[in-house]
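I have placed the structure first, in the form of structure tokens, so that the comments after it can refer back to it.
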Amino acid sequence: MRYSRLLGKTTRDYPRSVRTAGNALLQRGGFIRPLSQGLYSFLPLGLRVVSRLTELIRREMRALDGQEVLLPLVNPLELWQRSGRAALAADDLVGFRDASGRDMVLAPTHEEAMVALVKSVVTSYRQLPVFLFQFQTKYRNEARPRGGLLRTREFVMSDGYSFHRSATELNNFLPRVFAAYERIFAACRIPVITAEAAVGMMRGERSFEFLMPSEVGDDRVIRCECCGYAANAEVAVGTLNRPTGEPRPLTTVPSHGAVTMGELTSELGCGKEALTKTMVYSNGDELVLAVVRGDQEVSGEKLERVLATPGLRLADRDELALYGLDARAIGPLDLPLDLLELDVRVRIVVDDVVASTPNLVVSSSESGIHFVDVNFGRDFESDLVHDISRVLPGARCANCAHELVQQRVVELGNVFKLGDYYSRKLRLTLSDSRGRRFYPQTGAYGIGIGRLLASIAESNHDRRGLDWPPGLAPYPILLMGIGHSAKVASLLEALHDELGDTFLYDDRRESISTKFRDADLMGIPMRLIVSPRTLEEGKAEILERGSTSVRSVSVANVRAVVAELTGGSS
RNA sequence: CGGGCUGUAGCGCAGGGGCUAGCGCGCUCGGUUCGGGACCGAGAGGUCGGCGGUUCAAAUCCGCCCAGCCCGACCA
């Protein structure tokens, strides 16, 4: 490929609208270009890297007996209503009405469509297990795309779905995908930590994430540097120091308008760990009052798990007003009577730390006063006691008591153990060997390709530019000449004609230093340099990116050396 | 969805009521160069994000809107 003909030039200046190093380099190098918020175009160089990534993943998926398919981007809304996710994923879904008046959505993920496909094609348990994968566009109506390619509205995902005869079979398959994913990220030279994660709108039973530590990430992982425990902050568990003491009699004190935890600590002269806060969650049908210690936060994921109620959201001011509640004065000891008379289910969930800590401060539903020396069990009850708080820095590891740390990460991929959630919802059943109907056990697996590209750039660059891992560079070799001698030019042209697309041929009339700079910026790993000086001795040179020592090769051997360096392929 | 920042040439920026809106890079043409972003000369390129207002006069002041980015909330 002649560089002069390649679409997408390198630029010297950093684009103003990009803040992360990797994304800036991808734009400066001519790999990607933004179209609009959360929407990116891939230029030829970028698409070539994407092709190498998909090929890498495809090889791994095939090694797991995966079969590649391609499902529609557009799904009937009805399918999503049947799975129960139309409401759960409402914020992500973008839809339209088609020519015949049916409501359609752009798929933010493909579990529904994949189950529908399997339902129509798999007719016997003997066909299981089946593992299907695709590279397909997702569209999610992200509230806030950010970090260039790290978080977009539209993106291509490598997603896989497996269907099994039994939970055991699924359990045995998951680690194989897990290992394949680890190999993929290793090939991308991205350091990953694996962690237990939230299931969120994906539902199902369990989930694991592959995370790249990075300050530009917008997920947070909780880790123990002692025993290696790692989990997404939403689901991580840890232990807290709990004050002890004999229960004292319940009293009330005026709080003089103090509402926030900070105000209360100064008003009452105690620490946040002596306080409690009551957060009201709702899913439209029922209210959940979640009580955690004043220095803690409610984990929405844990709350949904313990209640087995997806779709819970923190109630906003208007919704609270609807139930006669005021966010500044809510407590489980004296809920307003009219709330109890309303035709709405109200459940109270108390964090286990609160339940086992004596003499806490609890807000009253009557504004202006707080209860002091509240003791769970004696002064109030709840429907459930469970760990529902997020692990915050300072908590200790449940395994080894070492202090837990929080780290920002980019979520590169995940593995979901879905169980029979979708099989049941979408009525995918088969007969087993004894003729009994059963719901196949399913797993889902995904890697965001654009995010992977951005993460590789983030993890593999230096001051000069990108530095692609072996096999992922858009071109393995950049061919360039020095000077304008006819002999050099004719050799370059001959090599280009012969080896064509194997390398990028910088045929511009630019100074050699410009060519070097651009090669560094684009991250081409090797240069093949032809100059009058070396050509006199019948030699050309090979210079690796980041190295200053050249390898001299005779012109007669160039083709063989190129074949060796590129592993016989481009 | 809340808060903040920014919109002036393809990119990065300066200008901040008054004559023809500039600079660097890039681009075009001609010439000299070529071992880590060379140089000379000549040129092209702008609804100053949009709409409205104030004014004799608006890129500049005011209002509204739009777009992009950043922080947060939310979310695989």
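Proteins get letters first, then strands, A, B, ... in listed order; numbering begins at 1 in each.
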**Asked** Which part of the nucleic acid, if any, lies within contact of A:Arg220, taking any heavy atom under 4.0 Å across all strands shown: a base, the sugar-phosphate backbone alone, or nothing?
**Response** sugar-phosphate

**Prompt:** Does the ring centre of A:Trp468 sit less than 6.0 Å away from the ring centre of A:Tyr475?
**Reply:** no

**Request:** Give a yes/no answer on whether the side chain of A:Arg146 brings an N or O atom under 4.0 Å of OP1 or OP2 in B:C74.
**Result:** no

**Request:** Check every strand shown and say whether A:Glu209 touches a base, only sugar-phosphate, or nothing at a heavy-atom separation below 4.0 Å.
**Result:** nothing

**Asked** If we take the P atom in both B:C48 and B:U20, what is their distance in whole Å?
**Response** 15 Å

**Asked** Of the candidate nucleotides B:C1, B:G72, B:G68, which contains the atom at the shortest distance from the side chain of A:Ser36?
**Response** B:G68

**Message:** Heavy atoms only, 4.0 Å cut-off, all strands: where does A:Asp91 land among base, sugar-phosphate and nothing?
**Reply:** nothing

**Message:** In this structure, how many angstroms lie between the C1' atom of B:C11 and the CZ atom of A:Arg12, rounded?
**Reply:** 12 Å

**Asked** So does A:Asp13 pair up with A:Arg28, basic N to acidic O under 4.0 Å?
**Response** no

**Prompt:** Is A:Glu541 touching bases, backbone alone, or none of the nucleic acid, heavy atoms closer than 4.0 Å?
**Reply:** base

**Asked** Under a 3.5 Å cut-off for both distances, is B:C39 Watson-Crick or wobble paired, and to whom?
**Response** B:G31

**Request:** Answer yes if the ring centres of A:Tyr181 and A:Phe210 are under 6.0 angstrom apart, and no otherwise.
**Result:** yes

**Item:** Side chain of A:Asp92 - closest among B:C75, B:C69, B:G37
**Value:** B:C75

**Distance, C1' atom - from B:G53 to B:G37, rounded to whole angstrom** = 49 Å

**Request:** Assess whether one donor atom and one acceptor atom, taken from the side chain of A:Ser531 and the base of B:G35, lie less than 3.5 Å apart.
**Result:** yes

**Request:** Pick base, sugar-phosphate or nothing for A:Tyr445, based on heavy-atom distances below 4.0 Å to the nucleic acid.
**Result:** nothing

**Complete:** Which of B:C75, B:C69, B:G37 is nearest the side chain of A:Thr514? It is B:G37

**Asked** Mapping A:Tyr14 and A:Lys515 to their closest nucleotides on RNA chain B, which lands nearer the 5' end?
**Response** A:Tyr14

**Prompt:** Do other residues, nucleotides or ligands put more than 12 heavy atoms under 6.0 Å from A:Glu544 CD?
**Reply:** no

**Message:** Would you say the rings of A:His110 and A:Tyr161 are close, in the sense that their centroids are separated by under 6.0 Å?
**Reply:** no

**Request:** For A:Lys9, answer base if it contacts any base atom (sugar-phosphate contacts may also be present), sugar-phosphate if it contacts only those atoms, and nothing otherwise; contact means non-hydrogen atoms under 4.0 Å.
**Result:** sugar-phosphate

**Prompt:** How is A:Arg508 classified with respect to the nucleic acid when contacts are heavy atoms under 4.0 Å: base, sugar-phosphate, or nothing?
**Reply:** nothing

**Request:** Look at all strands and tell whether A:Thr109 reaches a base, only sugar-phosphate, or nothing, counting heavy atoms closer than 4.0 Å.
**Result:** nothing

**Candidate nucleotides B:C74, B:C70, B:G37, ranked by approach to the side chain of A:Asp518 - the nearest** = B:G37

**Request:** Between A:Ile512 and A:Leu150, just flag the one whose closest nucleotide in RNA chain B comes earlier from the 5' side.
**Result:** A:Ile512

**Prompt:** Is A:Thr534 touching bases, backbone alone, or none of the nucleic acid, heavy atoms closer than 4.0 Å?
**Reply:** base

**Prompt:** Has the side chain of A:Asp13 got a donor or acceptor that lies under 3.5 Å from a partner of the other kind on the base of B:G26?
**Reply:** no

**Message:** If you only use heavy atoms from C-beta on, which nucleotide in B:G68, B:A73, B:G37 is closest to the side chain of A:Ser17?
**Reply:** B:G68

**Item:** Side-chain-base donor-acceptor pair under 3.5 Å for A:Arg16 and B:C70
**Value:** no

**Fill in**
Among the nucleotides B:A38, B:G72, B:G68, whichever has the atom closest to the side chain of A:Arg408 is B:G72

**Prompt:** P atom, B:A58 versus B:C25: distance in rounded Å?
**Reply:** 34 Å

**Request:** Would you mind classifying the nucleic acid contact of A:Gly147 as base, sugar-phosphate or nothing, using non-hydrogen atoms under 4.0 angstrom?
**Result:** sugar-phosphate

**Request:** Please name the residue in the list A:Leu170, A:Leu174, A:Asp420 that meets the side-chain contact (heavy atoms from CB on, under 4.5 Å) test with A:His164.
**Result:** A:Leu170

